[in-house]
Amino acid sequence: MTLEKARELIAMHVSLGSGYNQNAAKLVLGEVMRDHGQAAVDSLIREYDLESQWAIKPGTKFASAFKS
């Protein structure tokens with residue numbers, strides 16, 4: 001997944017804001033973790049303020065449901 005696509009998806013989920021969207025955002029972060037690493041995940045968490053939105057903190061490890 002590209003970082004641009006991840007940004008689009010996370011922005012959409014943040015705007016909707018439900019618990020289901022939190023889970024979807026975590027799935028996106030798992031894909032970013034697999035493809036781009038922890039620094040990219042932490043950057044997205046900060047960029048979209050996911051800590052105050054859903055208590056997702058920088059440094060949280062996410063696993064992709066899909067193996068590369």
Side-chain angles (χ1 to χ4, degrees):
M1 173 178 303
T2 67
L3 290 176
E4 186 58 38
K5 183 63 176 176
R7 281 185 179 91
E8 289 174 20
L9 291 170
I10 291 174
M12 177 192 64
H13 291 300
V14 166
S15 71
L16 296 171
S18 77
Y20 292 113
N21 296 102
Q22 175 185 3
N23 291 333
K26 287 179 178 180
L27 288 172
V28 172
L29 292 172
E31 292 302 302
V32 171
M33 179 80 154
R34 183 190 72 181
D35 294 342
H36 302 284
Q38 187 67 49
V41 169
D42 290 348
S43 175
L44 290 169
I45 290 170
R46 288 184 188 99
E47 183 176 341
Y48 291 97
D49 196 21
L50 299 181
E51 190 166 1
S52 63
Q53 177 86 10
W54 291 311
I56 299 173
K57 298 178 184 195
T60 303
K61 305 268 189 243
F62 295 92
S64 172
F66 307 100
K67 301 296 178 198
S68 56

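The residues of the chain are indexed from 1 along the displayed sequence. Side chains are part of it too, since the values below use all heavy atoms of this structure and drop only hydrogens, waters and symmetry mates.
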Hey, does the side chain of His13 reach the backbone of Lys26 with a donor-acceptor pair shorter than 3.5 angstrom?
no

Between Glu47 and Ile10, is there a side-chain heavy-atom distance shorter than 4.5 Å?
no

State, yes or no, whether a side-chain contact exists between Leu44 and Val28 at a heavy-atom distance under 4.5 Å.
no

Measure the OG1-NE2 distance between Thr2 and His36 for me, rounded to the nearest 0.5 Å.
6.5 Å

Short question: side chain of Gln38, backbone of Thr60 - any donor-acceptor pair under 3.5 Å?
yes

Tell me the salt bridge (charged side-chain N to carboxylate O under 4.0 Å, His left out) pairs involving residues 48-59, sequence neighbours left out?
none

For Leu16, give me all partners under side chain to side chain contact (heavy atoms under 4.5 Å, CB included), at least two apart in sequence or on another chain.
Met12, Asn21

Rounding to 0.5 Å, atoms CZ (Phe62) and CD1 (Ile45) come to a distance of 5.0 Å

Indicate yes or no: at least one non-hydrogen side-chain atom of Glu31 is less than 4.5 angstrom from one of Leu27.
no

If every non-hydrogen atom of Val32 is compared with every non-hydrogen atom of Ala6, which pair is closest and at what distance?
CG2-CB, 3.5 Å

Please report the shortest heavy-atom distance between Trp54 and Gly17, naming the atom on each side.
NE1-O, 3.7 Å

Rounded to the nearest 0.5 Å, how far apart are CE of Met33 and CG of Asp35?
11.5 Å

